[in-house]
Q: 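The following block contains the structure, expressed as structure tokens.
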Amino acid sequence: MENTTIADLFDEMADLMEFRSENPFRIRAYRGGAQAIRDLDEPIAAIADDPNRELADLPGIGKTLAEKTMRLLESGTFPQLEELREAIPPIVIQISRIPGLGAKKAAKLYELLDIESLDDLKRACQEGLVSKLKGFGAKTETMILDGLQIAKQASERIYWATGDELATTIGDYMKTCTAIEMIEWAGSYRRGRETIGDLDLLVVASDRTAAMDFFESFSGRSGTIMRGDTKISIRVAKAFQVDMRLVDADQFGAALQYFTGSQAHNIHLRKLAKERDLKINEYGVFRNDDGSKVAGDTEQSVYQSVGLPWIAPELREDRDEFEWARNDALPELIELSDIVGDLHMHTTATDGNASIREMADAAIKRGLQYIAITDHSKRVTMASGLDAERLRQQWLAIDEIRKEYDGRLQILKGIECDILEKGGMDLPDDCLAEADWVLASVHYGQKQSREQISERILGAIENPHVDCIAHPTGRLINRRPAYDADMEAIMKSAKSHNKWLELNANPARLDLNDIHLAAARRHGIPIVINTDAHSVDGLNVMKYGIKQARRGGLTKRDVANTKSWIDW
DNA sequence: AGCAGTCGTGCTTTGGGGTTTGCACCCCA
């Protein structure tokens, strides 16, 4: 059993316990254990098998979690997990994923209205049954109808980052199969969409039966959905589907292009082929007159057959990519190695779990030239946010540390300052004026009217001490919608005030999204890609931000933290 | 449930605001 699978099961246990309002510290212990196992750089099974090592020696894993890990490795589950799975129907969990509903209200809906599916719930809301219940009103009913889509998607699609872990594990495994000659992921995973519904693996094999057998022997497989001559589908982890398609080597490019999509992109491409009296399908590119094949072994050859250069998968959404390709104006998309700084991270002063020094050392290890320490301001009570006095103390500490890192890393005095519900910043101007770098962000009053919340953000942009708006739309993928803000007005104001916008690389945020990024690029607003790290490992999420930036068509030139700090 | 140290026990983030209702629930990093 893979580390990620074990971690997922501990997280599931924590979810179920949370649902039962059990001791929050026990819940945290499960989450902590899950994170610890996820972050290991070796299989936990290897540690379990080694007589000289103890699972309980791992930080975050004690006697109990060590024992449960052993049970998982032996049987794939443990009794407490099974008990809770029995006790809590999956539909109740699904209902509680609707923003605004929690465990109690979800259970009430399930029991009182006999809700068996999200569609049942939708019907009950439309018939006005929900607002008649004690503890529910008209606003809650509207909120449920608005949030149903989010809950539905959460049960069907996983974060790109989660898909990436799974794809990497399966891909590394499949590459050890001697019958496989070519292998590539296709689908929305290859295009870097923010969520993934399933995974598509494309393979050329010298022995198809052997390749399929090998695929079916993957240790994380929980079942086989179907197996034919050219396609096999298995289930892994939480009922997630992974397809493998077998094609001939001379069809590989055409198949890869076809199965990567998007559908809209493929329709457009085929229309272009038709205009040239060609036909493109998953087997190749063919002339209509004599049926002869003109391309298909590589993707390049497919695009070339209609007179276009190869188009990066991240751009294949039928937005601007064909026009760019036709005019030889495809953006040279940004890469992880272009990033030289990270301007959003937290420390133990608020809700981070590493010190300034630990973050600095980790940043150097990742090849960065500069970082900004940006802890929360005081309004964020839950994270024990900083007031002006504590913030100035932190800056004194940074002054001390700077000497040690001179010539190796620039450490900037920053702050993630809240934009208050009534408008205005959470810290006085004289304090913000002393910072090297000020992020402004909304955490509270997210459900305010479009006018209110837009005005708050515009006010922050107009504040001369604010440099950048962090996670500008506030959305959490599969969990929470964006603020109802006027993004067009925000971009215009950012441009005219010479302010930057963040692309928050946290895989649950990825905020701004691809559409907004493309708009920011058109406006000429510099984007800053930040990790918002709350730990040393949190710095690793930069790669997800890069993927999202590429989907927005961003180049190195469009992203501010590809430049040295002194060049700004 | 993990952890530190007291080796059995206490500690482990915080508190205000909205909705619906009159206290309970949910949200916010």
Side-chain angles (χ1 to χ4, degrees), chain A residues 10-11 13-14 17-19 21-37 54-69 78 80-81 95-109 130-144 147 150 344-353 374-387 415-422 426 439 441-449 452-453 470-471 474-476 479-481 483 504 506 508-509 511 531-535 538:
Chain A
F10 281 155
D11 269 332
M13 183 72 189
M17 287 166 71
E18 201 158 47
F19 210 83
S21 308
E22 293 194 25
N23 180 345
F25 300 110
R26 287 184 65 203
I27 296 169
R28 251 174 58 190
Y30 275 96
R31 295 211 192 283
Q35 196 55 48
I37 291 170
E54 291 289 341
L55 289 176
D57 288 341
L58 296 169
I61 307 288
K63 202 177 150 204
T64 313
L65 288 186
E67 226 173 86
K68 294 192 161 89
T69 303
F78 55 93
Q80 293 85 347
L81 177 62
I95 295 172
S96 72
R97 297 251 190 270
I98 295 169
L101 296 183
K104 300 282 161 59
K105 288 198 164 173
K108 212 166 183 179
L109 288 169
V130 171
S131 56
K132 291 201 181 89
L133 296 178
K134 202 180 157 178
F136 294 77
K139 287 216 173 184
T140 313
E141 204 167 59
T142 314
M143 191 176 63
I144 292 174
I150 285 180
H344 188 167
M345 65 188 66
H346 298 267
T347 72
T348 47
T350 61
D351 58 351
N353 69 6
T374 55
D375 272 309
H376 290 289
S377 61
K378 61 182 193 294
R379 174 66 184 89
V380 189
T381 49
M382 201 162 73
S384 67
L386 305 176
D387 56 20
I415 180 72
E416 181 183 8
C417 186
D418 255 61
I419 303 169
L420 298 172
E421 287 100 313
K422 289 174 183 166
D426 190 25
L439 291 170
S441 59
V442 169
H443 292 115
Y444 297 90
Q446 300 195 11
K447 289 182 184 168
Q448 286 175 349
S449 71
Q452 259 182 314
I453 204 148
H471 44 74
R475 66 91 177 256
L476 291 179
R479 298 206 92 85
R480 186 177 73 199
Y483 328 130
N504 191 296
N506 183 306
R509 286 194 183 271
D511 180 8
T531 61
D532 198 357
H534 287 68
S535 66

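Chain A is the first sequence line, chain B the second, and so forth, proteins listed ahead of strands; every chain is numbered from 1. Values reported hereafter were calculated over all heavy atoms of this structure, with side chains retained and with hydrogens, waters and symmetry mates removed.
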Q: Can you find a side chain N or O atom of A:Lys108 that sits less than 4.0 Å from OP1 or OP2 on B:dC25?
A: no
Q: If B:dA1 has a Watson-Crick or G-U wobble mate with both distances under 3.5 Å, name it; if not, just say none.
A: B:dT12
Q: Give the rounded distance in Å between these two atoms: CZ of A:Phe78 and P of B:dA1.
A: 9 Å
Q: Would you say B:dA29 has OP1 or OP2 under 4.0 Å from some side-chain N or O of A:Arg509?
A: yes
Q: What contact category does A:Gly60 fall into here, base, sugar-phosphate, or nothing, at under 4.0 angstrom with non-hydrogen atoms?
A: sugar-phosphate
Q: Can you tell me if A:Thr64 touches the phosphate of B:dG2, counting only side-chain N or O atoms and a distance under 4.0 Å to OP1 or OP2?
A: yes
Q: If you measure from the P atom in B:dT21 to the same atom in B:dG16, how many Å do you get, rounded?
A: 24 Å
Q: Between A:Leu58 (CG) and B:dC3 (P), how many Å, whole number?
A: 9 Å
Q: Using atom CZ of A:Arg479 as one end and atom P of B:dC26 as the other, report the distance to the nearest whole Å.
A: 14 Å
Q: Assess whether atom CZ of A:Arg31 is packed by more than 12 heavy atoms of other residues, nucleotides or ligands within 6.0 Å.
A: yes
Q: For the C1' atoms, the ones on B:dC26 and on B:dT14, what distance do you get once it is rounded to whole angstrom?
A: 15 Å
Q: Any side-chain donor paired with an acceptor under 3.5 Å for A:Glu416 and A:His471?
A: yes
Q: Measure the acute angle between the ring planes of A:Phe10 and A:Phe78, then classify it against the limits of 30° and 60° as parallel, tilted or perpendicular.
A: tilted
Q: When you measure from the side-chain N and O atoms of A:Lys139 to the phosphate of B:dT19, is any distance below 4.0 Å, counting only OP1 and OP2?
A: yes
Q: Classify the side-chain pair A:Asn504/A:Asp511 by whether it contains a donor and acceptor separated by less than 3.5 Å.
A: no
Q: Which residue, A:Ser96 or A:Ala29, contacts DNA chain B at a nucleotide closer to its 5' end, judged by nearest heavy atom?
A: A:Ala29
Q: Please give the nucleotide sitting opposite B:dG18 as a Watson-Crick or G-U wobble pair, both distances under 3.5 Å, or none.
A: B:dC25
Q: Rounded to whole Å, please give me the gap between CZ in A:Phe136 and P in B:dT21.
A: 9 Å
Q: Once you apply a heavy-atom cut-off of 4.0 Å, does A:Leu101 come out as touching a base, just sugar-phosphate, or nothing?
A: sugar-phosphate
Q: Could you tell me the separation between the CG atom of A:Asp418 and the P atom of B:dC28, rounded to a whole number of Å?
A: 13 Å
Q: May I ask you to evaluate whether A:Arg379 reaches the phosphate of B:dC28, defined as a side-chain N or O under 4.0 Å from OP1 or OP2?
A: no
Q: Give a yes/no on whether any side-chain N or O of A:Thr140 is located under 4.0 angstrom from OP1 or OP2 of B:dT20.
A: yes
Q: For B:dC11 versus B:dT6, give the span between their P atoms, rounded off to a whole number of Å.
A: 14 Å
Q: Side-chain N or O of A:Lys105 versus OP1/OP2 of B:dT20: is the shortest distance under 4.0 Å?
A: no
Q: Determine: side-chain N/O of A:Arg480 to OP1/OP2 of B:dA29, distance under 4.0 Å, yes or no.
A: yes
Q: Over how many whole Å does the gap from A:Glu54 atom CD to B:dG2 atom P extend?
A: 14 Å
Q: Considering only atom P, compute the distance from B:dG18 to B:dT9 and round it to an integer number of Å.
A: 45 Å
Q: Aromatic ring centroids of A:His534 and A:His344 under 6.0 Å?
A: no
Q: Can A:Lys105 be said to sit on top of A:Phe136's aromatic six-ring, NZ or CZ under 6.0 Å from centre and within 45° of the ring axis?
A: yes
Q: Please state the C1' separation for the pair B:dA29 and B:dT20 - nearest whole angstrom.
A: 26 Å
Q: Does A:Arg379 make a cation-pi contact with A:Tyr444 (under 6.0 Å, within 45 degrees of the axis)?
A: yes
Q: Tell me the interatomic distance from A:Arg28, atom CZ, to B:dA1, atom P, rounded to whole angstroms.
A: 15 Å
Q: Could you check how far OH of A:Tyr30 sits from P of B:dC3, rounded to whole Å?
A: 14 Å
Q: With rounding to the closest Å, how many angstrom separate the P atoms on B:dG17 and B:dT13?
A: 24 Å
